[in-house]
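Okay, structure first, notes after.
On a predicted model such as this, the values are computed, not experimentally measured, just so you know.
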Amino acid sequence: MRNIFDQYSQPENRVTHALMSALNEDRKLLYSFLKNIVRQIPPTKSNLLDISEQCYPGAVGSEEIDENADKVRRIPDAWITAGEEWCLVIENKVQDDPKVCQLKGHLRTARDLGFTEPKGLLLTIKQPHEKPPNEFQVVEWSSVYQWLQGETPRSEWAGRVAAYLEVMEARMIEKEQLETGTLTTFSGFRFGETGAFNYLEGKRVLRLAMDELRKRCDLQNKIGVKPDFAGRKAIRGRKGGEVWDFLTLDHDDKNKTFTAYPHLTLGIGEDSVSAMATLPNNARAARRLLIKRGEQGFRDMVSKTLESMRPLLSKSPGMEPRLRVWQRRWPKITSPPLLDASIDINLRTYSHESNGPKFQPQWIDAAFSALKNKKSNLELQIGGIFPHRTCEAIQQPYALDLVAETWIACEPYLSALGINSSKNSSQGSFSPTGGC
């Protein structure tokens, strides 16, 4: 069904229309917008303000400007006015960079219409390269999204616009129209009982999550994540399948692909979120280091990793510490892999627990045997699985803390692969969210 906000063809005009429609319908929301986002209080009550889009203030019918016409560039995307006394000109930039000359032109237009002291609002997905005119307040769409979420319990219209921004962001990412910046912010992996997983939404949330995870100093300093290294060039998926991306760990050869070295993998699927430390098939040097430890050394590594993950089990009930070995092959480079064999182990089967999986250490030995006697395309992962339906914590905004802590808890495993976390350690302190 067509969304009620889909009245224009251009993404910038669509999100402008969504926001202006909500502000026009809910005047309490409009007052909050002016006070908390624009930080301007007009000289009249919010229910007496006029809101217009793609036209001059007061224009009706045939006076409205075609969104694809050249003339539209000479007027702002929207206006909020209080008679002839006060006006706010609004320019929205989602795909193009803001231009100072255009903003100055909008102010001249407002003065030509009789507004002696016009105010301006630039809505953007990223900060402009040039300093805007002093009359303009610069606000990123991600901040508007957070404000809308805060207003949602009090305003149905705020919830509608917040949801629409999520939809538009997913569409733009899929069409590769959003290279940098975001319309929204990460608010959890919300694919539990309240929201079914779909590929486009999974891809949107994955991008937001990876952008935040790359910035975390705890990942950089404790296990050597390289923040300036991009992940997958293109996130491809299929209906019902998992979307995933990776973070690069510190290694010496920057010319080889990520499949030649251990890395961190974040996956979002229909059933769960996975945060795994991955030993790919082509990481031969790291695999040799692991095999050289022998069967008992492998067991000790697993035991230490499990103990390191213990605090997460109480923080996020339902989380499962797991070890996976995959044997796969690809008929074509672009085709989904064929899974020939797998070992998927709850690490708690390697410990004696009164309230948990039964002790069965032979599973760990089987994984090491497969790795040692590898004759196929084999990948080893250790990390955590967060099922959507049984792990409510993963649906919260702090879910990225759990993902980061899972990867950091894999330090005994990464160390066994030759990832020297000690050279990445910092003398500084870490904030609760891992920020720098």
Side-chain angles (χ1 to χ4, degrees), residues 1-22 53-54 66-70 72-73 77-78 90-99 102 122-129 139-146 148-149 160-187 189-191 195-214 230-246 266-270 332-336:
M1 181 178 294
R2 181 182 174 90
N3 193 290
I4 61 172
F5 296 136
D6 285 344
Q7 303 302 313
Y8 294 94
S9 60
Q10 301 300 323
E12 289 179 346
N13 294 335
R14 285 186 171 187
V15 295
T16 302
H17 177 66
L19 179 60
M20 293 301 108
S21 296
E53 307 172 57
Q54 303 294 334
D66 183 347
E67 66 168 320
N68 296 310
D70 288 339
V72 75
R73 299 176 183 175
D77 291 309
I90 301 174
E91 180 64 23
N92 176 28
K93 291 297 181 185
V94 173
Q95 293 175 285
D96 300 324
D97 290 327
K99 293 181 173 59
Q102 184 182 34
L122 172 61
L123 294 172
T124 179
I125 63 169
K126 56 185 177 181
Q127 289 293 316
H129 297 297
V139 178
E140 294 189 24
W141 270 106
S142 56
S143 296
V144 175
Y145 173 77
Q146 290 180 311
L148 288 166
Q149 285 197 313
R160 290 181 180 181
V161 179
Y164 186 68
L165 291 180
E166 295 172 359
V167 170
M168 281 301 303
E169 187 170 62
R171 291 177 183 173
M172 294 179 70
I173 291 173
E174 177 64 13
K175 295 179 180 179
E176 299 182 351
Q177 295 175 323
L178 200 62
E179 295 182 4
T180 60
T182 63
L183 286 171
T184 69
T185 58
F186 180 82
S187 56
F189 300 97
R190 297 173 296 169
F191 300 109
F197 174 83
N198 66 78
Y199 161 67
L200 286 181
E201 180 63 4
K203 187 174 178 179
R204 181 189 75 85
V205 174
L206 177 66
R207 172 171 170 167
L208 292 171
M210 296 303 290
D211 285 348
E212 291 298 316
L213 290 165
R214 282 192 180 88
R232 298 176 68 191
K233 292 182 179 179
I235 307 298
R236 305 297 183 196
R238 61 190 187 281
K239 186 176 181 181
E242 183 184 61
V243 292
W244 63 274
D245 203 351
F246 69 92
L266 178 65
I268 308 175
E270 187 173 2
K332 296 180 181 179
I333 295 178
T334 57
S335 65

Which heavy atom of [X] sits nearest to which heavy atom of [Y], and what is that distance?
{"X": "G231", "Y": "R214", "value": "N-NH2, 2.9 Å"}
{"X": "T124", "Y": "P98", "value": "OG1-CG, 4.1 Å"}
{"X": "V15", "Y": "N92", "value": "CG2-ND2, 3.2 Å"}
{"X": "Y199", "Y": "V243", "value": "CD1-CG1, 3.4 Å"}
{"X": "A18", "Y": "Y164", "value": "CB-CD2, 3.6 Å"}
{"X": "F246", "Y": "R232", "value": "CE2-N, 3.5 Å"}

Any heavy-atom pair between the side chains of M168 and V94 that's under 4.5 Å?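 Not touching, per the 4.5 Å side-chain cut-off.
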Side-chain contact test, heavy atoms from C-beta onward, threshold under 4.5 Å: evaluate it for L266 versus D245 and give yes or no.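 No. Closest side-chain heavy atoms not under 4.5 Å.
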Could you work out, with salt bridge (charged side-chain N to carboxylate O under 4.0 Å, His left out) as the rule, every residue matching D96, not counting sequence neighbours?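 For D96 there are no salt bridge (charged side-chain N to carboxylate O under 4.0 Å, His left out) partners, ignoring immediate neighbours.
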Would you call the rings of F186 and F189 parallel, tilted or perpendicular if under 30° counts as parallel and over 60° as perpendicular?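 F186 vs F189 ring planes: perpendicular.
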Straight-line distance of [X] [atom1] to [Y] [atom2], nearest 0.5 Å:
{"X": "E242", "Y": "I268", "atom1": "CD", "atom2": "CD1", "result": "8.5 Å"}
{"X": "K93", "Y": "D97", "atom1": "NZ", "atom2": "CG", "result": "9.0 Å"}
{"X": "D211", "Y": "T185", "atom1": "CG", "atom2": "OG1", "result": "11.5 Å"}
{"X": "L208", "Y": "E169", "atom1": "CG", "atom2": "CD", "result": "5.0 Å"}
{"X": "L123", "Y": "L19", "atom1": "CG", "atom2": "CG", "result": "6.5 Å"}
{"X": "I90", "Y": "M20", "atom1": "CD1", "atom2": "CE", "result": "4.0 Å"}

Under the side chain to side chain donor-acceptor pair (under 3.5 Å) test, residues paired with S187 that sit two or more places apart: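 S187: side chain to side chain donor-acceptor pair (under 3.5 Å) contacts with R190.
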In chain order, what residues pass the side chain to side chain donor-acceptor pair (under 3.5 Å) check against Q177, with sequence neighbours excluded?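 Partners of Q177 by the side chain to side chain donor-acceptor pair (under 3.5 Å) criterion come out as none, since no residue qualifies.
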Apply side chain to side chain contact (heavy atoms under 4.5 Å, CB included) to V205 and F191, showing your working. CA-CA 10 Å; V205 174; F191 300 109; 4.1 Å; yes
Any donor-acceptor pair under 3.5 Å linking the side-chain atoms of [Y] with those of [X]?
{"X": "D77", "Y": "T16", "result": "no"}
{"X": "E12", "Y": "Q95", "result": "no"}
{"X": "T184", "Y": "R204", "result": "yes"}

Looking at R171 and E174, does any basic side-chain N land under 4.0 Å from a carboxylate oxygen?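 Salt bridge absent between R171 and E174.
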